[in-house]
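Side chains included, hydrogens not; waters and symmetry mates left out as well; all remaining heavy atoms used. The sequence lines fix the lettering, A, B, ..., with proteins before strands; numbering per chain opens at 1.
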Amino acid sequence: KIVLTRESLMNMKEDLISSEKISVDLETTGIDPFNCSIVGISFSNQPSKAWYIPVGHKYLNAPMQLSTDEIAPVLRSILENPDIKVCGHNIKFDFHILKKLGIKIKNIWFDTMVASYCLNPSRKSHSLKNLSIEYLNKSMATIETLIGKGKNQITMADVDINSAGKYSCQDADFTLQLACLFEPILVEKKIDKLFFDVEMPLIEVLADMEETGIKLDIEYLEKLSDEFKKEIESTESEIYQLAGENFNINSPKQLSYILFEKLKLPVIRKTKTGRSTDEDVLNVISQQHPLPSKLIRYRELQKLKSTYIDSLLNLVDRNTSRIHTSFNQTVTATGRLSSTEPNLQNIPIRTPEGKKIRRAFISEENCVLVSADYSQIDLRVLAHVSADEALKDAFFHNKDIHTSTACEIFGITPEKVTPELRRIAKTINFGIIYGMSSYGLAQELNIDQKQAQEYIDNYFKKYSGVRKWIDEILSFARKNGYVKTLLNRIRYLPEINSNNGQVRSFAERIAINTPIQGTSADIIKVAMINIYKKLNEEKLKTKMLLQVHDDLLFEVPEPEIEKVKKIIKKEMETAVNLSVPVLVDIKTGHNWRDME
DNA sequence: GCGATCACGTA
DNA sequence: TACGTACGTGATCGCT
C-alpha cells in the first residue's frame, strides 16, 4: 500500500502500532548513509503485506508526497516504541538515516543480514536477494532494474513511486519473513545467544562509532603529501637513471623486464603469471645492483601516499575534519570486523614513515585519544582453550610470553634469552596459532627445514597441552565438519576431509586458527558493548572511535580521562572469564602516533 | 567497466 | 605440489 495522504498515514500507524514485530526498509539516493537522502520508507507486519511512504521522489509530474517532517512523529511513535520489535536487513544503514531525521530505533530486534552471517559466516553473499531465493524460494527484482547501472544510473528519487513502492514493500515483506524463519534456526543451532546478546547489540555501537568518526589534521596531511611527492619524484628519476630508460614502475610486468631481462638479475621466485618482484625478492637481489633498494623506497612512499594520505584526504568531511569509516559486521569468516572506505584497521605503525600517517589522527580540542589494547590476546585464548599448564603458568606469572617460550624451547634461563632467540620464539608462537609447517617456519626464519622441525618438536614437547588441543580440534573438525569459538560462533569446514592434501591442509590450519582468532573477536565485541552501555549509563561524553581487532580507540574529554580509563580497562579485562588473566594496556595522547 | 593479479598495509 | 590466519586498497592489464 502506498501512503500519500495523512489519512492513509494514520491508517498505517494504527495497523503497525499494535504489532509485536515489524520490519523496516529505507529507499535512499545512495548507499553511503552520510551522503544520501531518504526517498521512501516501507514497513511490513505480516507476510505478503507492506506499506510504502514515498517522501523524496523528485521526477517530473511526481505526485504530492508527505514530507519527512510530517511523517517523523508517526515514525517516532512506531520505531521508538520499546514494545515493537523492529527488524531490518542491514539495519545499521537504516538506523543511520533515521537518526539523521531525529528518529532513534529503540528496539532493534533482528537483522537478517547479521543472522545469515551467524548461521554461516563463510557465505559469499548475505544479500536479501540471495537469502530470499535460498530460504523463501522466491526470486526478487534487483535494484538495477529500477535505477540501471553504470554511468547512466539514476537514483531512487527518479523512480516511479509505484515501482519503487512495490520494490521496497517486497524488501520489507521478505525481511520480516526471513527474520521469523531464522529465529528458531538460531535457537536450534545454539547461536541465539551470540546473535541476540552480542551481534545485535553491537549494531548500535558500530553505528555510533561510524557516525562519530575521527578527526584528521588535514593541513598536516597535505604537507605530508607534498613531502612524499617530492621524494617519490626524485626516487623515480634515480630509478630511470639506473634502469637506463623510463618505464612504469608500478607495473610488475614492466619492472620484471627491467630487472630480469635488461639487468639480468636472478629470478628468486615466480608468481602464477610471471616473476615475483616483491620486497623479499628485492632484498635478495639488492646485493647485486643498486636499483632494488631504490624500488623498495619508492614502493614504500608510493603506497603510503596513494593508499593512505591521498585517499584519506578524499574521504574526510571538510566541514568537521572528521573521517567516517564503515565497520562491516558480516564479512570475515572468523567473526572479526572489517573496515572500509577508508579501511582504518590497517593504518601503518611499523616504519617511521608509516608512523607519520598515524600522527594525522588527532583528538578534538580539550580531548585526548585513549587506546586500549589487549596484551597477547590470541596466545591467552590459546592458553585457555588448550589448558596447557606451561602456557597458563607463564600468563599467571605475567611473564613476557615470547621470552618464556624461548626459555622452554631452548632450555635456558630468561637471562640467557637474546633478542634473536626471543624473535625465533615469537615467530614460533604466532606460527602455532596459524598452523604453520616446518617449511613455513624455515622460510620465515631463514633456516633449514630440519632445524625448523626441531624447534617445533621442542615446542610441542614443552607445550604438550597445545599439541593435545590441536589434535582434538582437528579430530572434532573431521567428525563434525565445523569448529566453534568460545561464544559458539561457528565456521564450517567442508574441505577438512578432502582427498586433495593441499586443500585439506588449508582446512586444518583454519580449524586451528579460527577458534583462537574468533574467540578473541568474541571477547572484544562483548567488551565494546559493555563499555558503550557503561559510558551511556554514566552519561559520559567519551566516544568510542575505532576497533582494530585487539585494540580500541576512544576520544575522551579531559575531565573524564581517569574515570574512563578505569572503565575501559575493567570492562575489557572482564568481558569474558578465561582460565588465564586477561590484560589490557592503556595509552593516551593527542594523536594516534604519540601515545604513552 | 569489470575482474584478476600483484604488491603491501594492519592484527 | 604447496607450504602461516584474517582482511582492504591501489595500480595495472586484459577482457568484455
- Item | Nearest-angstrom distance from the residue atom CG of A:Leu441 to C1' of C:dT5 | 15 Å

- Message: Can you tell me which residue among A:Val576, A:Asp550, A:Thr485 is in a side chain to side chain contact (heavy atoms under 4.5 Å, CB included) with A:Ile523?
- Response: A:Val576

- Message: Distance to the ring centre below 6.0 angstrom and angle to the axis at most 45 degrees; does that hold for A:Arg275 and A:Phe260?
- Response: no

- Note on the structure: A correct 5'-to-3' footprint of nucleotides 5-11 of chain B, with B, S and - meaning base, sugar-phosphate only and no protein heavy atom under 4.0 Å, is SSSBBBB

- How is A:Ala521 classified with respect to the nucleic acid when contacts are heavy atoms under 4.0 Å: base, sugar-phosphate, or nothing? nothing

- For C:dT9, does either OP1 or OP2 sit under 4.0 Å from a side-chain N or O belonging to A:Ser311? no

- Query: How many Å lie between CD1 on A:Ile232 and P on C:dA11, as a whole number?
  - Reply: 10 Å

- Working to the nearest 0.5 Å, report the span between NZ of A:Lys569 and CG of A:Leu583. 6.0 Å

- In whole angstrom, give the distance that lies between atom CD of A:Gln547 and atom C1' of C:dC7. 12 Å

- Determine the contact category for A:Thr514: base if any of its heavy atoms lies under 4.0 Å from a base atom, sugar-phosphate if only primed atoms, P, OP1 or OP2 are that close, otherwise nothing. nothing

- Message: Taking the P atom in each of B:dT5 and C:dA2, what is the distance between them to the nearest angstrom?
- Response: 15 Å

- Item | Spacing between A:Asn250 atom CG and C:dG10 atom P, to the nearest angstrom | 13 Å

- Query: Given A:Glu222, which of A:Lys229, A:Arg318, A:Lys305 fulfils the salt bridge (Lys or Arg N to Asp or Glu O under 4.0 Å) condition?
  - Reply: A:Arg318

- Counting side-chain heavy atoms from C-beta on, which of C:dC13, C:dC7, C:dG14 comes nearest to A:Ser251? C:dC13

- Message: Distance check needed: C:dA6 C1' versus A:Ile377 CD1, whole Å only.
- Response: 16 Å

- Item | Out of C:dG8, C:dG10, C:dA6, whichever nucleotide has its closest atom nearest the side chain of A:Phe506 | C:dA6

- Item | Neighbours of DNA chain C within residues 467-498 of chain A, by heavy-atom distance under 4.0 Å | A:Arg491

- Between B:dG3 (C1') and A:Lys124 (NZ): distance, integer Å: 14 Å

- Query: From A:Asp310 CG over to A:Asn314 CG, what is the distance, rounded to the nearest 0.5 angstrom?
  - Reply: 7.0 Å

- Which whole number of Å gives the distance between the P atom of C:dT1 and that of B:dA7? 22 Å

- Return the nucleotide paired to C:dT12: Watson-Crick means purine N1 to pyrimidine N3 with N6-O4 or O6-N4, wobble means G-U with N1-O2 and O6-N3, both under 3.5 Å. B:dA4

- Message: Heavy atoms only, 4.0 Å cut-off, all strands: where does A:Asp378 land among base, sugar-phosphate and nothing?
- Response: nothing

- is_close_aromatic(A:His590, A:Phe361), centroid dist under 6.0 Å: no

- Whole-Å distance between C:dG10 C1' and A:Ile249 CD1? 15 Å

- Item | Side-chain donor/acceptor of A:Tyr459 to backbone N/O of A:Glu454, under 3.5 Å | no

- Task: Round to a whole Å and report the spacing from CZ of A:Phe247 to P of C:dA11.
- Result: 17 Å

- Message: Could you identify the nucleotide paired to C:dA2, looking across every strand shown and requiring Watson-Crick or G-U wobble geometry with both distances under 3.5 Å?
- Response: none

- When we call it a touch if two heavy atoms are under 4.0 Å apart, what does A:Gly440 touch: a base, just sugar-phosphate, or nothing? sugar-phosphate

- Task: May I ask you to check if A:Arg359 and A:Tyr220 form a cation-pi contact, with NZ or CZ under 6.0 angstrom from the six-membered ring centre and within 45° of the axis?
- Result: yes

- Query: Nearest 0.5 Å, what's the CG-OH distance between A:Leu382 and A:Tyr463?
  - Reply: 10.0 Å

- Message: With a 6.0 Å cut-off on the ring centroids, do A:Phe247 and A:Tyr257 count as close?
- Response: no

- State which of C:dC3, C:dA6, C:dA11 makes the closest approach to the side chain of A:Arg509. C:dC3

